[in-house]
Each structure stands twice: as C-alpha cells, then as structure tokens.
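For reference, positions follow the sequence shown, starting with 1.
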Amino acid sequence: MIDEKQLISHLYQNRENGQWMIQTNDEHQKGVADMAASFAGQFGLPSWGRALGLLHDKGKERAAFQQYIRKMNGLPTSDKKRYDDHTHAFVGGILAKELMGKDVSHLLVNQIISHHTGLHNFGDVENILKERLLSEEINEGDISINKPLLFQEFIDSPFSKSKVEWKHFHHLSRMLFSCLVDADRLDTERFMDVESWRKRGNLATLVDLLPQLEVYMQKLQSNAADTKVNRIRRQVKEQCSRTSSSEKGFYSLTVPTGGGKTLSSLLWAMKHAVSHSMNRIIIAIPYTSIIVQTAGLLKEIFGEENVLEHHSNFDPDDIKDEENREKAKLATENWNYPIIVTTNVQLFESMFSNKTSDCRKLHNMANSILVLDEVQMLPTGFLQPIVDALKAYQEMFGISVLFTTASQPVLSGLIEGTNPKADFKGIEHIKEIIPEEFALHDQLRRVKLAIDDTGRTYDEIAAKVSEYNKVLCIVNTRKDAKELYDRLPNDGVKLHLSRMMCPAHLHETIGKIKTLLKDGLQPIVRVIATQLVEAGVDIDFPVVFRQEAGLDSVLQAAGRCNREGRSAMGHTFVFSLAAEKRNPFGSMADSNNARLNLPEDSDWFAPSTMKAYFCQLYSRKQTFDEKDIKHWLYKPTELCFETASKEFRLIDDTSINVIVNWENSMELIEQLKESGCTYSLVKQLAKFTVGIRSYDFKQLKGYGLVEEILEGIYVLADRSQYNKATGLSLDNHWLEEVLMI
C-alpha cells in the first residue's frame, strides 16, 4: 500500500512485479534543483537555478493534485472532497514572489508558472498570480532558499555590470527558463525512463575530438597536390590555428570560395574552445542543402556519435547504429552534444521563442562557440534583434561567435537605414582572422565576372547558355528555372534544380551533378537552378550564368565557377531578364539596386567593395526590426514572450506543404493511414514534400488532385503531376489531355 501522507511527484507500476515505484515531490524538487543549479552555474547564477528547482513543483503538495495523480493511476484515496482545479505550477510562482519580491517576476516567477506551458506575457503573469492559496496546503518552512545569497550572486555576476544593457535581460529570463525546463524533464526521465536516461551519457569532449580533426587535416594536406590553391588553403589553416587562443569575443573569417573555409573555421573553433575550456561548437547554416554536406563531412571526421544534425529534413531513423540513433533523437531536445549542425531558423527562432521545446536547449549554448556560416544570409528585417541577441549571448553567457563567409556583411559600428529612427548599434569589435595583406581575393581570383544589365528574353539566355557544354545557370525564381530549362536543347545531360522538387529528389540530382562533373565521361552537362545551389553546395563548373541579384549572391554564384582552379580563369556572366518583365522584386530588388549603384569599375571581389555594397543595401531599408521585437522584449518589466515568439519568424512562409509521389512516398502514406501519425513517419515524409503558394494549392485541390490524409497532411498521389526532371507541376495534366483530344 502507498502511504497517503506521501507527497507524490511521479509514479509508475513495475511491469515485472506490479509494485508501485514512487518519486516523492521532495526527491524530484531536489533533483531538479541540483541539475538546474549546475546548468545556471555555467553563467554564474547557480543559486538562481537551485531556487527554480526547489519552487517549481511546490504546487504538487496541494490536496487537489495529490488526489488527481492517485485517481489517474487507479489508486485509492480517502480524500472525498471534490476539487475544481488540480494545476500546480502557479503555486511556486506565488511563493517566489512572496519570498523574493516582485522584482524577480521575470527571472523566477514567470519561469516557474510557465514550465509546462511556455513563457507568458507579463500581463498574463499578473493574472495568474491573482490565484489564492490555502496556507495549510503548502509547507513554506522547508524551502531552503538563501535570499541574500541569490542577490549577492547576481551582484557578482556579469549581469549587474554596466556593460550589460537592460534590453538584453529577456535572454537571461529565457536562459533561466531553459535551465529549469531541461532539469525538470531530465530528472523526470531519470526516474520514469531509466533506459533513455542512460543513453544520454558517455559523450566525447572537444579535447577528445581535436586530435581527430588534426589527423584528418594533416592527411588531406599530405595527399594534396602542390598547387597555388592548396598552398593558400594551408596558409588559411595555419592562420586559424595561430589565432585560435585569442580571448573570447566576435571573430570573422573572410575567405573566398575554395579557400578551405569550412575546415579552417572548424579548426579555429575547436582550438579556441579547448583553449578556453568551452563546452561545444554550434554551427548554424542558412540552407538545409549545405547542412547535409557539412554534417556529412563532420561525421566522417568525428564519427556519427559526436555530431548532431538538427533540421527539418534530417531523420534520426536514418542512423543505422541503434545506440547512436537513440542518442541523436534525445539530443535534439537539449543539444547536449559536442558538435551541433543546425539552421539559422532553428537557432534564432529558439533564441526568441517562449516554448518549452524550443527553449530547453538554450542553456547548452552558454560557454560554447557559435559558428555562423554564410553570415551574409541573415535577413535584414531581423538584423537588429539578431545582432542584439549575439551581443547579449557573448557578454552574458560567455560564447564566442565566428562569422564565416566569402561575402562578409557589415555588422559592426552604427548600422543606418533610410529611416534614422531605425539606426542601431552593431557589434563594437569584430576581429578578422585573415589579415588584409593576405589579399586572398587576389590570390584566389579564378573567375572573370562580366555584367550585362541589358534586358534579355528567355530564348536569348537559353541560347547563350547552350553555347557551353559544361555550364550552370542560376536564376531567381522557380518559374524562371522552368522556362529556361524547357528551352535548353536535349543534347547531352540537362538538369533542373528548384524547390518544386522535393528534398529527396534535390539530393539525388545534386549527387548526380557531382558524379557527372567528377568522372568527366559526359561531355555536355547543363544545369538550370534557383539560388539553392548558391552557397555551400560543392560543385565546380567552368562557366556560370547568374540572373541579376545582389553582389553577395553574384559572388556566391561565382563561387561555383572554377572552384578548384582547374582552368586559368573561369567565366561568370550576370544577365537580366527584363525583356520578359522578370525583374527582381521585394528585398531582392533592394539587393540588386545596391549592386547597380556601385561604380562600374569596382573590383567586385575586393572586401572593400563588399563593405560598400552592404552600406548601400542597408541605406535602402526602412527598418531592421520589421516585427518590432524591441517593443515586445526590450523593457524588462513588460516582457511579452508569447507575442514576440509568434512574431519572430525568419521565414514568413505562407506556403502549404504537399507530399508528392516520389520513390517510396506512397508506401509511407499507406503506413500513415494504417498506423497514424508518428515522429518517424513525419520525418521520413518530410523528404517528399514541396511547399506551394496557397493560390496554387487551392487550384490543385479544386482539380481534385490533392487529398487530405490526416488533418493538415496533404498528398498529391498522381505520379503524372510530378515530373522526374522538374518536380511538381502546377498544371492539371488531366485537363491538358482532354484539351489535346
């Protein structure tokens, strides 16, 4: 029998002997307190983490909750009173306010009342705290919180120093929330799911992994031919190694495409981390296509068990080793891995989220290195909150940030737009790892850039592209890609890449391109693509065409040209489709106009030109905070976490995902119909989805081509609607066949 005086936090029945296993509330709170104190200790506030743990579940002492948990598990209870409310989180919040005063509402109270629901707006916190407790329900005397110690700890921490601005405090609130949420979930798992708990251990450290990287790079170097490009790559690597022990802060690595940026930046990050006893390396990348490539390389070097991929198109079930597979699934919850590769969207939206699932990982960013690859891709409409967040994490949580790209944006100093009220202070100092005297843009100049702003037709550009046997043409939209692809001659191999193709199809086609270029057996390889190949996709054509765009995009396209320096000089041609009325629009128009406003005789590859370009680009912007995040989060006493979380969306994507008929997708759909929605199935089906505009979706649905299998899961099963070359067709092929008859 279970003692009714025992205050239960969690319980389960042993399958083997039927015995009830109980975790008391005191055991759980102390377990969470110890863990949260350890997490918060990473940024100097262990007592605050402990306080959160000791208070978060005090509400479970209420008779209403104890009756509820017993009844839910079929246990008898002598308490015959009927309770209207068995919730518990608000109790700890009230106690925190009574113990510490209202000044900690955004540091303790909101975190406690929100640890199941997500952080609330400040007004909702006040409403929740209007709840009244029956004093005899809760034993306040056993709360061992040292109030003077908490405040002294805060005074001694980085957060009380004058350099930390009040506008950054929402990040501290979220970080403490992260400590509590992860500790609560982990302690519960340790009791309820011992098998999963055990799988979280035995992680390698960056000290363990650094020698593996050094051996790998040494092997590459010894096998590399003594070419100018390889000598420059060695020079970049050695410079990264030399500067890696510098103090924590902001760094940039500006290296033209083909200069060995990926491995050299990783070497700098690992040696910097080891030098400062830092916990992990987080690499954030704008495109999933680059992530797959980068993560594959890192797994080759360090082993699958040490590299976590966390993005929408990665399915942990693809990992063959069962133990590694389960560890990866668990690690996506809290990022407790030595090396993490993720998307900008996953990273920054988590940093501004109020949700428990997003925030849980944040405390593991403290004392870590953040590598932002292709940093020029940061959206200008969110530049102010992003830059402010990076400054806050560096100052408050001891991270180092490395910006890596061939097209370094302007992120320091005063960032000014058209509207003087939108100006904001960038990062005070970013230290460039590569000295100006290296002049890498000259040493690695392997491409001649020719720009023709005369408006051309699809036919004219297709004819120009067809003059070359091995050529890549990058355009701005899916429509432009399809129009040009259809106009290319069918001699040799012609391939198409756009988001009208599902991720599995794209991955297969990019692999085919790499194989064709590598084996050299096919004399004619022509590819029409959207910008998805522009950054980080390791392909090398002697000739590249690029539809007019911003200078950063043009140079990224040029980075796919003569990448390995096989020719004395590659050729990249910039063209306009104005004759087809296909001018850049929206933010792309701003980028293109910024390029057009630079002197025609500019050295397009020089860092000084890129700086001038970004100044031109910023001067065209009305705001760097288009969702007014500062209004919702920069006043410490009026923090609106929930509202800001909804507003902070890097991709304003109103498209609707449709599962297409490709490879085994229809077999998976049958499994979905039979067994319902599971995590594994959803991740597998993500590889076969195409996002389309709501207008096109309604049209396809009107044709009867789209079926809703489960709520919000749409399938276009007709194989004829999915072209093996260009992907999803928005035209009704049945209607076309009828008209042809």
Side-chain angles (χ1 to χ4, degrees), residues 1-39 49-79 83 85-96 111-118 133 137-140 142-145 177-201 326 329-331 333-334 336 355-357 359-361 363 679:
M1 293 290 292
I2 297 175
D3 184 356
E4 281 209 55
K5 292 181 181 178
Q6 208 169 21
L7 295 174
I8 301 170
S9 184
H10 302 103
L11 78 164
Y12 67 90
Q13 196 167 18
N14 189 303
R15 292 180 181 177
E16 294 179 2
N17 57 24
Q19 183 179 350
W20 283 99
M21 309 300 292
I22 292 175
Q23 183 186 42
T24 67
N25 204 41
D26 186 56
E27 290 168 343
H28 176 57
Q29 291 192 127
K30 286 179 178 175
V32 174
D34 288 344
M35 224 178 287
S38 173
F39 296 157
R50 184 172 300 281
L52 286 167
L54 291 175
L55 289 170
H56 83 290
D57 269 358
K58 286 295 287 182
K60 286 186 175 180
E61 295 177 11
R62 298 177 70 205
F65 181 85
Q66 291 299 312
Q67 183 191 79
Y68 164 76
I69 196 170
R70 283 172 164 82
K71 283 186 174 181
M72 286 295 291
N73 288 279
L75 297 176
T77 174
S78 59
D79 188 350
Y83 299 95
D85 177 25
H86 61 261
T87 57
H88 67 277
F90 73 92
V91 175
I94 292 173
L95 291 175
Q111 289 70 10
I112 292 168
I113 67 174
S114 305
H115 72 273
H116 290 299
T117 58
L133 290 176
E137 284 192 86
I138 303 299
N139 182 7
E140 296 184 37
D142 65 353
I143 303 174
S144 54
I145 294 175
F177 181 59
S178 171
C179 293
L180 173 59
V181 169
D182 195 31
D184 184 30
R185 304 296 189 270
L186 288 173
D187 187 73
T188 302
E189 183 182 274
R190 178 165 55 184
F191 174 74
M192 299 289 291
D193 186 1
V194 177
E195 188 177 342
S196 291
W197 168 257
R198 286 174 180 159
K199 287 174 181 173
R200 290 186 184 272
E326 295 308 309
K329 285 182 181 179
L330 293 168
E333 300 166 357
N334 68 351
N336 188 19
K355 297 182 177 67
T356 57
S357 57
C359 291
R360 180 178 176 180
K361 67 177 83 76
H363 73 90
Y679 173 84

Taking the side chain as every heavy atom from C-beta outward, state whether Ile22 and Ile8 have any atom pair closer than 4.5 Å.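 With C-beta onward as the side chain, the pair touches.
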Can you find a pair of side-chain heavy atoms, one from Arg185 and one from Thr356, that are under 4.5 Å apart?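 They are in side-chain contact.
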Which pair of non-hydrogen atoms, one from [X] and one from [Y], has the smallest distance, and what is that distance?
X: Met35; Y: Trp197; result: CE-CH2, 4.1 Å
X: Cys179; Y: Ala36; result: O-CB, 4.0 Å
X: Val91; Y: Arg62; result: CG2-CD, 3.6 Å
X: Gly118; Y: Phe177; result: CA-CZ, 4.0 Å

Parallel, tilted or perpendicular: ring planes of His10 versus Phe191, cut at 30 and 60 degrees: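 Correct class here is tilted.
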So does [X] pair up with [Y], basic N to acidic O under 4.0 Å?
X: Glu189; Y: Arg198; value: no
X: Lys58; Y: Glu61; value: yes
X: Asp187; Y: Arg190; value: yes
X: Lys30; Y: Asp34; value: no

[X] side, atom [atom1]; [Y] side, atom [atom2] - distance, nearest 0.5 Å:
X: Tyr12; Y: Asp193; atom1: OH; atom2: CG; answer: 9.5 Å
X: Asp26; Y: Leu54; atom1: CG; atom2: CG; answer: 9.0 Å
X: Ile69; Y: Thr77; atom1: CD1; atom2: OG1; answer: 12.0 Å
X: Ile113; Y: Leu55; atom1: CD1; atom2: CG; answer: 13.0 Å
X: Asn336; Y: Phe39; atom1: CG; atom2: CZ; answer: 7.5 Å
X: Glu333; Y: Ser196; atom1: CD; atom2: OG; answer: 8.5 Å

Just to verify, which of Lys361, Arg360, His363 counts as forming a side chain to side chain contact (heavy atoms under 4.5 Å, CB included) with Val181?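 It is Arg360; the other options fail the test.
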For Leu180 and Val32, run side chain to side chain contact (heavy atoms under 4.5 Å, CB included): C-alpha distance rounded to whole Å, both residues' side-chain angles, the deciding distance at 0.1 Å, then the answer. CA-CA 7 Å; Leu180 173 59; Val32 174; 4.0 Å; yes
Please lay out, stage by stage, how Lys71 and Asn73 fare under the test side chain to side chain contact (heavy atoms under 4.5 Å, CB included). CA-CA 5 Å; Lys71 283 186 174 181; Asn73 288 279; over 6 Å; no
What I want to check is whether the side chains of His28 and His56 have a donor and an acceptor closer together than 3.5 Å.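 Yes, a side-chain donor-acceptor pair sits under 3.5 Å.
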Go through the steps for His116 and Asp184 under the test side chain to side chain contact (heavy atoms under 4.5 Å, CB included), then give the verdict. CA-CA 10 Å; His116 290 299; Asp184 184 30; 4.2 Å; yes
For a ring-ring contact (aromatic ring centres under 6.0 Å, His included) check, start with the C-alpha distance between Phe65 and His86, then their side-chain angles and the critical distance, and finish with the verdict. CA-CA 5 Å; Phe65 181 85; His86 61 261; 7.2 Å; no
Tell me if a side-chain donor or acceptor on [X] pairs with a main-chain N or O of [Y] at a distance below 3.5 Å.
X: Gln13; Y: Gln19; value: no
X: Gln67; Y: Ala64; value: no
X: Gln23; Y: Thr188; value: no
X: Ser114; Y: Thr117; value: no

After noting the C-alpha distance and the side-chain angles of Arg70 and Leu11, does the key distance pass the side chain to side chain contact (heavy atoms under 4.5 Å, CB included) rule? CA-CA 9 Å; Arg70 283 172 164 82; Leu11 78 164; over 6 Å; no
